[in-house]
Amino acid sequence: MKNYLLMISLVSALGGLLFGYDWVVIGGAKPFYEAFFNIASDPVAQGWVMASAILGCIFGVMVTGALADAYGRKPLLIASAIIFIISAVGTGAVNSITWFIIYRLIGGIAIGIASNLSPMYIAEVSPQEKRGLYVSINQLTIVLGILGAQITNWLIAEPMPEGMNILETWNGQWGWRWMFWAENVPAILFFILLFFIPESPRWLALKGYESKAVSIFSRIYGSLRANDEVSQVLADHSQETSFRDGLQMMKRWKVLRLVIIGAVIAAFQQWCGTNVIFNYAEEVFEAAGYNVSDILFQIVLTGITNVIFTFVGMYTVDKLGRRALMLLGAGALATIYAIMGTCYYFQVMGWPLLVLVMLAIAAYAMTLAPVTWVVISEIFPNRIRGVAMGISTFSLWTACFVLTYSFPSINAWMGASGTFWLYGAICVFGFIFVTCALPETRGKSLEELERELTK
């Protein structure tokens with residue numbers, strides 16, 4: 001039973017791995033495709049290309065909530081796998097910036113679907129006492145996807161001769177293409193394995209397929225607990241709730257308050273600023289005195305740090321609680337960014353900034369990165385979970401678009417020091433909001449949380 005739960009959680013979480021790979025692979029390819037498309041000196045164009053996939057994410061999130069509640073989680077996960085494959089093939093094959101952006105937008109749709117449904121699916125099949133751990137598997141696969149993209153970029157890129165024009169190198173003509181094409185390996189695997197996992201038993205129960213739900217819960221929890229799980233789901237949800245009914249529920253203040261908390265927490269996960277280190281590592285490390293060849297290796301170091309501390313977050317989320325870890329992350333990042341900004345201001349270069357960057361990633365990876373997904377997968381009532389998670393992930397990706405699109409211009413205007421001081425101020429705001437608004441959800445079933453938070 002435990003092995004079966006782990007297996008279906010890992011398969012669903014491959015959506016997170018593809019999310020991580022697709023989202024970060026562009027950072028390593030950035031100096032090469034920018035030279036190929038002649039946008040290396042245009043910060044507005046750079047921001048648009050980087051942020052284009054996020055517009056696709058926003059669209060994917062907008063349609064996923066209603067479709068997931070109407071048709072189930074599994075069909076949409078299969079659709080996301082197909083879209084990932086189309087995007088990976090197309091992005092590496094194009095020769096114009098317009099088609100490059102179009103395929104990045106398509107890939108973003110897949111990211112939006114996976115970022116919404118993978119944690120939702122895992123939350124709906126996991127026991128409450130281990131839900132934080134299992135939902136965090138999705139965050140683990142995201143960071144493994146990030147690290148996989150970083151290592152792939154580093155291995156594919158050939159050493160750059162000093163002073164040589166990037167367009168004259170293999171990296172500038174073909175290297176960046178293979179960085180995108182390599183995504184097909186996990187995307188095809190995800191597509192195949194999805195046919196071996198069941199539909200969400202909670203969704204089945206709500207749609208009137210109680211016998212199927214009991215059968216799936218029996219494989220996960222055992223036959224004795226399976227009937228209790230279905231009974232608990234049906235006790236509060238005796239009839240199917242439509243998308244429109246879900247929106248009607250949000251007119252109640254206690255329900256709307258939860259949706260607002262989820263949306264703000266999701267936006268804060270992005271506006272805390274750590275993700276610019278992955279997308280704009282070239283600028284961050286270049287300002288610290290590193291060259292292009294060194295930067296690709298530094299990126300791998302940040303990815304390894306990301307993975308290690310994601311494990312720490314996974315094994316503390318059900319022990320320390322969601323709220324405590326969110327407060328720890330916001331406070332730690334505010335402090336680290338204050339020091340980073342000061343180092344940039346006084347032109348402290350080299351390894352001190354590398355250490356601070358790795359500390360920021362460590363703090364983010366064990367707190368805000370995984371805990372945000374856990375929180376937004378469990379605080380919403382069952383009947384509106386698909387819609388409410390759609391709103392939260394829409395908020396997350398909108399914030400991510402603003403962050404990614406604005407960084408080149410903010411960095412050019414305020415400099416690296418002012419940029420990280422700004423992110424530090426946002427982290428202070430996040431600390432205050434979590435202190436005042438976020439309830440603790442550790443160790444409670446989804447149905448218990450619904451009764452406590454909405455009645």
Side-chain angles (χ1 to χ4, degrees), residues 19-20 22-28 30 43-62 101 104-105 107-108 111-112 115-116 139 142-143 146 149 262-285 287 299 302 306 326 329-330 333-334 336-338 340-341 344 357 360-361 363-365 367-373 376 391-431 433-434:
F19 158 21
D22 196 272
W23 178 50
V24 167
V25 65
I26 195 168
K30 184 175 181 291
V44 174
Q46 291 171 10
W48 169 239
V49 172
M50 272 288 184
S52 59
I54 301 166
L55 285 181
C57 290
I58 294 171
F59 175 78
V61 166
M62 287 174 64
I101 291 172
R104 289 300 295 161
L105 283 164
I111 294 175
S115 67
N116 194 342
Q139 179 61 29
I142 290 173
V143 299
I146 290 171
V264 174
I265 291 296
F268 174 54
Q269 191 215 47
Q270 294 299 310
W271 284 345
C272 74
T274 307
N275 284 329
V276 299
I277 297 171
F278 296 115
N279 289 126
Y280 291 102
E282 180 188 6
E283 283 86 346
V284 173
F285 286 116
I299 292 173
T302 63
N306 199 15
M326 293 287 286
L333 285 174
I336 293 167
Y337 289 155
M340 281 182 66
Y344 278 122
V357 166
I361 290 172
Y364 179 74
T367 58
L368 301 182
V371 177
T372 298
W373 293 108
I376 66 174
I391 292 171
S392 293
T393 47
F394 175 81
S395 172
L396 186 148
W397 287 115
T398 302
C400 186
F401 175 81
V402 173
L403 176 82
T404 307
Y405 181 77
S406 65
F407 176 80
S409 298
I410 292 174
N411 193 46
W413 171 46
M414 302 179 68
S417 58
T419 301
F420 282 100
W421 282 335
L422 173 63
Y423 296 150
I426 293 172
C427 288
V428 172
F429 166 80
F431 185 93
F433 181 84
V434 171

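Just so it is clear, the model here is predicted, and its values are computed rather than measured. Note that these values count all heavy atoms, side chains included, but never hydrogens, waters or copies made by symmetry.
Once rounded to the nearest 0.5 Å, the distance linking OG1 of T398 with CD1 of I58 reads 3.5 Å. Atom CH2 of W48 is separated from atom CD1 of I101 by 6.0 Å, given to the nearest 0.5 angstrom. Taken from CD1 in I299 to CG in N306, the straight-line distance is 12.5 Å, to the nearest 0.5 Å. Within the model, atoms NZ of K30 and CD of Q46 stand 4.0 Å from one another, a figure rounded to the nearest 0.5 Å. Here W271 contributes atom CH2 and C427 contributes atom SG; the two are 13.0 Å apart, rounded to the nearest 0.5 Å. The CG atom of N116 lies 11.0 Å from the SG atom of C57; values are rounded to the nearest 0.5 Å.
The side-chain hydrogen bond (donor to acceptor under 3.5 Å, both in side chains) check on D22 picks up R104, with sequence neighbours excluded. Under the side-chain hydrogen bond (donor to acceptor under 3.5 Å, both in side chains) criterion, Q270 pairs with N275, sequence neighbours left out. With sequence neighbours left out, T274 forms a side-chain hydrogen bond (donor to acceptor under 3.5 Å, both in side chains) with Y337. Taking the side-chain hydrogen bond (donor to acceptor under 3.5 Å, both in side chains) definition, one finds that S115 meets it with W397, sequence neighbours left out. Under the rule for a ring pair (Phe, Tyr, Trp, His ring centres under 6.0 Å), F268 has no partner lying at least two apart in sequence or in another chain.
Two residues are said to be in side-chain contact when any heavy atoms from C-beta on lie closer than 4.5 Å; I146 and I142 meet this criterion. Using a 4.5 Å cut-off on side-chain heavy atoms (C-beta onward), V402 and I54 make no contact. Two residues are said to be in side-chain contact when any heavy atoms from C-beta on lie closer than 4.5 Å; T367 and M326 fail this criterion.
Proximity of a side-chain donor or acceptor of S406 to a complementary backbone N or O of L403 within less than 3.5 Å is detected. A donor-acceptor pair under 3.5 Å is absent between the side-chain atoms of S395 and the main chain of I391, judged by distance alone.
Of all non-hydrogen atoms in P370 and A365, the two that sit nearest each other are CD-O, 3.0 Å. Across all their heavy atoms, A363 and I336 have their closest contact at CB-CD1, 4.4 Å.
In the displayed structure, F59 atom CZ is contacted under 6.0 Å by at most 12 heavy atoms of other residues, nucleotides or ligands.
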Throw together a table of side-chain donor-acceptor distances under 3.5 angstrom for residues 411-425, partners on residues two or more places apart or in other chains.
unit_1, atom_1, unit_2, atom_2, d
N411, OD1, A416, N, 3.4
T419, OG1, G415, O, 2.8
W421, NE1, A338, O, 3.2

